Amino acid sequence: QVRLVESGGGLVQIGGSLSLSCVASGNTGMIQTMGWYRQAAEKQREAVATITPGGFTNYSDSAKGRFTISRHSGQTTVTLQMNSLKPEDTAVYYCGASLFRSAWAGSNVAFWGQGTHVTVSS
């Protein structure tokens, strides 16, 4: 019903910046909160940032002060601007769309993107 297409992942230097984009298509009218989640090697998938239709945002402690989530293009495009990147930011980043306004828990995510790799190194 909903397709999420991600772009922007890649290799970036420590301290550098990277911007990820997620475009939703299909039955996007059912989507409420969208967000970005990541899963590092041998770690559990965790929420990074979420944003409601009204623009209210939540960030993980790690993301606060470094990452910014935004939403535009009729609420169907979500961007994650990542600055001051660290090696521990290396992970597969997933875009998620929820039918609810609370989407910090992955269990509330109804649709997932394919994931995009982010590697931070010197």
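Keep in mind it's a predicted model, so treat the numbers as computed, not measured.
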* To do: With the side chain counted from C-beta on, respond yes when T33 and W104 share a heavy-atom pair under 4.5 Å apart, and no when they do not.
  => no
* Who are the side-chain hydrogen bond (donor to acceptor under 3.5 Å, both in side chains) partners of Q13, not counting sequence neighbours? -> none
* Asked: Tell me, which pairs form a side-chain hydrogen bond (donor to acceptor under 3.5 Å, both in side chains) where one or both residues lie in residues 111-122, sequence neighbours left out?
  -> none
* Atom of A97, atom of L4 and distance for their closest heavy-atom approach -> N-CD1, 3.9 Å
* Would you mind listing every disulfide bond (SG atoms under 2.5 Å apart) that reaches into residues 22-51, with sequence neighbours excluded? => C22-C95
* For Y94, all residues meeting side-chain hydrogen bond (donor to acceptor under 3.5 Å, both in side chains), sequence neighbours excluded -> none
* Candidate pair Q1 and M30, rule side chain to side chain contact (heavy atoms under 4.5 Å, CB included), full reasoning -> CA-CA 9 Å; Q1 292 180 302; M30 66 173 60; 4.0 Å; yes
Identify every side-chain donor-acceptor pair in residues 72-79 under 3.5 Å, counting partners at least two apart or on other chains, and give the distances.
from	atom 1	to	atom 2	distance (Å)
Q75	OE1	R71	NE	3.3
T76	OG1	S73	O	2.6

List the atom pairs, with distances to 0.1 Å, where a side-chain N or O of residues 51-60 and a protein N or O form a donor-acceptor pair under 3.5 Å, not counting sequence neighbours.
from	atom 1	to	atom 2	distance (Å)
T52	OG1	G54	N	3.3
T52	OG1	G55	N	3.4
T52	OG1	F56	N	3.1
Y59	OH	I69	N	2.9
S60	OG	A63	N	3.2

* Asked: Given side chains that start at C-beta, do those of W36 and E6 come closer than 4.5 Å, heavy atoms only?
  -> yes
* Under the side-chain hydrogen bond (donor to acceptor under 3.5 Å, both in side chains) rule, collect the residues that match up with Q32, sequence neighbours excluded. => R101
* **Other ILVMFWY residues reachable from L11 by side-chain steps of under 4.5 Å** => none
* Decide whether R38 and Y93 meet the rule of one side-chain donor and one side-chain acceptor closer than 3.5 Å. => yes
* To do: Indicate the atoms forming the closest heavy-atom contact of I14 with P87, along with that distance.
  => CD1-CG, 3.6 Å
* Asked: Taking a hydrophobic cluster as the set of Ile, Leu, Val, Met, Phe, Trp and Tyr residues connected by side-chain heavy atoms closer than 4.5 Å, whether directly or through intermediates, do V109 and F111 fall within one such cluster?
  -> no
* Structure fact -> For N27, the side-chain hydrogen bond (donor to acceptor under 3.5 Å, both in side chains) test, sequence neighbours excluded, returns none
* Asked: Do L85 and F67 touch side chain to side chain, with heavy atoms closer than 4.5 Å?
  -> yes
* Asked: Any donor-acceptor pair under 3.5 Å linking the side chain of Q81 with the backbone of T68?
  -> no
* To do: Scan residues 53-64 for pairs that pass salt bridge (Lys or Arg N to Asp or Glu O under 4.0 Å), counting only residues two or more places apart or in two chains.
  => D61-K64
* Asked: Can you name the residues that form a salt bridge (Lys or Arg N to Asp or Glu O under 4.0 Å) with R66, not counting sequence neighbours?
  -> D89
* Asked: Can you list the residues that meet the salt bridge (Lys or Arg N to Asp or Glu O under 4.0 Å) rule with K43, with sequence neighbours excluded?
  -> none
* What do you reckon, is CD of E88 surrounded by more than 12 foreign heavy atoms closer than 6.0 Å? -> yes
* **Co-membership, hydrophobic cluster, residues V48 and L20, 4.5 Å side-chain** => yes
* Residue pair A103 / N108: nearest heavy atoms and the distance that separates them -> CA-CB, 4.1 Å
* Any side-chain heavy atom of V118 within less than 4.5 Å of one from M82? -> yes
